[in-house]
Participant: 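Below you'll find the structure I mean.
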Amino acid sequence: MNATAPAPAVSGQDRVLALVDQRLETTRGPLARLVLDLTLYLDEFGTDLLDRVIDQYEELCPAAERRLYSIDEALHWASIGEPVWTDAARSAAQRGQTRPHLQAARQRIEDRREFAFGLWDGRELNAPGGSWNLAIRRVRVADNRCLGFIRVLVPARAGPSLLQQMVLHLCDTVPFLSGHAGWAFSYDVWRSESAFDAMYAVAKRFLGVDIEYLSSTLPKMAESLKGTGWLTMLGSRWCQHPAVSSAVNHWISRADGTAHAVACGYGRVLVAGTGPGWGDRHRSASDVASQAALARALSPYTLTDASAFPGRRFAEPMQTSAWLRRFVDHGW
């Protein structure tokens, strides 16, 4: 008699990923997916910023996952192997410049203009195994003010240790205002209204998953923190704020070993636990207790007045604010 081989064990993480994927699926494909996210907010853009960030990304992102790039001067995602040759790129190539195809983006940075740059593996939202993505942008948020961000998305199964390495490397390399890292949603921008309604429903249960809508939050990042993540990054200005520094030290002292801070070149990385938590309300959400405690400690400096996220549910009165302050107030 042949014995049936036991089914492979399913981890708690795999169960959550499958559950959330199911809730975000439609007959037209997924509205959103769970990913590991790193977001840093910037207001300083050195002329070598682009190359420094790409160098750090390439250290940890497999070469096979760096296939396409985008710049303002290209009308589409272009192959790194067959780049778009602008006049600036040709001139840079003649000078022996590294990555000459990015020279137009470097000139935008040097001229203090808006710019957008991306690296992508070319996999769509529904691709098995997830997708790798790097985005760097500088955006005019007021007549006399530009802010920007670095955002890295890696597949959910890439693992938190890789994400933490990326955070520590970038925070040693790039001056930044603040940032956060952990679980997040990547969504279909062409169906954003429906995607945000679906994410709203999932976020009601899973407090530890971040929702990104930079059009709403980025303009406020010079004066506020968006919130906390498994990793919360505080730039030098926040670290030099006496009340913030005191609140962070108090949080660490009361965390019973579940929290610590890592000093880096341009600030501190606050670590809430050994890995990113789901914050599942059906299971007490204890895995985000340290992150929630930090959110309460930093609540006087946390964003409250962002414009509403897309979708019918977030447009309801105070719902965007309630999600932003989900660890602090009781409205969510």
Side-chain angles (χ1 to χ4, degrees), residues 37-61 71-72 98-99 102-119 133-142 144-154 163-182 210 212 214 217-245 247-249 260-271 294 298 301-303:
D37 158 87
L38 178 175
T39 303
L40 279 177
Y41 303 104
L42 315 177
D43 68 346
E44 297 181 40
F45 291 81
T47 55
D48 59 346
L49 174 133
L50 194 62
D51 289 287
R52 283 187 290 155
V53 174
I54 295 173
D55 287 343
Q56 296 293 344
Y57 185 72
E58 288 183 347
E59 282 190 17
L60 295 169
C61 176
I71 56 174
D72 296 272
T98 303
R99 305 184 187 104
L102 303 184
Q103 188 60 25
R106 293 189 190 97
Q107 288 183 351
R108 283 178 172 267
I109 296 173
E110 292 172 7
D111 296 341
R112 305 183 64 82
R113 290 185 287 160
E114 295 178 284
F115 79 94
F117 166 77
L119 276 178
N133 189 292
L134 166 67
I136 311 173
R137 291 195 65 182
R138 188 173 191 261
V139 180
R140 189 167 302 281
V141 297
N144 60 348
R145 189 72 186 269
C146 283
L147 293 175
F149 64 87
I150 299 168
R151 191 165 192 238
V152 176
L153 303 181
V154 301
L163 190 71
Q164 189 168 8
Q165 288 182 67
M166 282 190 172
V167 168
L168 294 175
H169 288 183
L170 284 173
C171 291
D172 256 341
T173 303
V174 179
F176 65 96
L177 292 166
S178 63
H180 45 81
D210 189 54
E212 170 270 318
L214 286 156
T217 56
L218 180 62
K220 308 289 186 178
M221 290 297 97
E223 294 80 26
S224 301
L225 301 171
K226 180 185 176 183
T228 59
W230 165 48
L231 307 177
T232 302
M233 294 78 94
L234 298 180
S236 57
R237 282 187 237 168
W238 286 110
C239 292
Q240 292 163 10
H241 191 300
V244 170
S245 181
V248 168
N249 292 337
H260 66 280
V262 180
C264 55
Y266 292 98
R268 300 173 85 186
V269 178
L270 311 181
V271 185
L294 179 60
L298 296 177
Y301 317 101
T302 301
L303 185 61

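Side chains are part of it too, since the values below use all heavy atoms of this structure and drop only hydrogens, waters and symmetry mates.
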Participant: Would you mind reporting whether Leu50 and Ile136 have side-chain heavy atoms less than 4.5 Å apart?
Facilitator: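 In short, these two side chains touch, coming nearer than 4.5 Å.
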
Participant: Using only atom types and a distance under 3.5 Å, with no angle test, would you say the side chain of Asp72 pairs donor to acceptor with the backbone of Phe115?
Facilitator: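 Not at all, since once roles are kept as given, no pair shorter than 3.5 Å links the two residues.
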
Participant: Only one of Leu225, Thr232, Leu40 forms a side-chain contact (heavy atoms from CB on, under 4.5 Å) with Ser178, so which one is it?
Facilitator: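 Filter result, single survivor: Leu225.
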
Participant: Looking at side-chain heavy atoms only, is the closest gap between Asp37 and Val154 below 4.5 Å?
Facilitator: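 The answer is no, as the side chains (C-beta and beyond) never meet within the 4.5 Å cut-off.
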
Participant: Could you label the plane-to-plane angle of the Trp238 and Tyr301 rings as parallel, tilted or perpendicular, counting under 30° as parallel and over 60° as perpendicular?
Facilitator: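 Aromatic pair Trp238/Tyr301 classed perpendicular.
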
Participant: When you check the gap from the basic side-chain N to the acidic O, do Arg99 and Asp55 get nearer than 4.0 Å?
Facilitator: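 Yes, Arg99 and Asp55 are salt-bridged.
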
Participant: Taking only distance into account, with no hydrogens and no angle test, what donor-acceptor pairs under 3.5 Å do side-chain atoms of residues 163-174 form with protein atoms, sequence neighbours excluded?
Facilitator:
from	atom 1	to	atom 2	distance (Å)
His169	ND1	Gln56	OE1	3.4
Asp172	OD1	Gly265	N	2.6
Thr173	OG1	Gln56	NE2	2.9
Thr173	OG1	His169	O	2.7

Participant: Kindly say whether Ala105 contributes a backbone atom to a donor-acceptor pair with the side chain of Gln103 at under 3.5 angstrom?
Facilitator: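 The answer is no, because no donor-acceptor pair under 3.5 Å joins these two groups.
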
Participant: Not counting sequence neighbours, which residues clear salt bridge (Lys or Arg N to Asp or Glu O under 4.0 Å) with Arg268? List them please.
Facilitator: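 If we apply the salt bridge (Lys or Arg N to Asp or Glu O under 4.0 Å) test to Arg268, skipping adjacent residues, there are no hits.
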
Participant: Do Lys226 and Tyr41 have side chains that approach each other closer than 4.5 Å (heavy atoms only, starting at C-beta)?
Facilitator: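 Answer yes - side chains close enough.
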
Participant: For Arg137, which residues count as a salt bridge (Lys or Arg N to Asp or Glu O under 4.0 Å) partner, sequence neighbours excluded?
Facilitator: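 Checked Arg137 against salt bridge (Lys or Arg N to Asp or Glu O under 4.0 Å); zero matches.
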
Participant: Are side-chain heavy atoms of Val152 and Tyr57 found at a separation under 4.5 Å?
Facilitator: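 A side-chain contact under 4.5 Å exists here.
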
Participant: Is the closest side-chain heavy-atom distance between Leu42 and Leu49 below 4.5 Å?
Facilitator: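 Contact flag for Leu42/Leu49 side chains = yes.
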
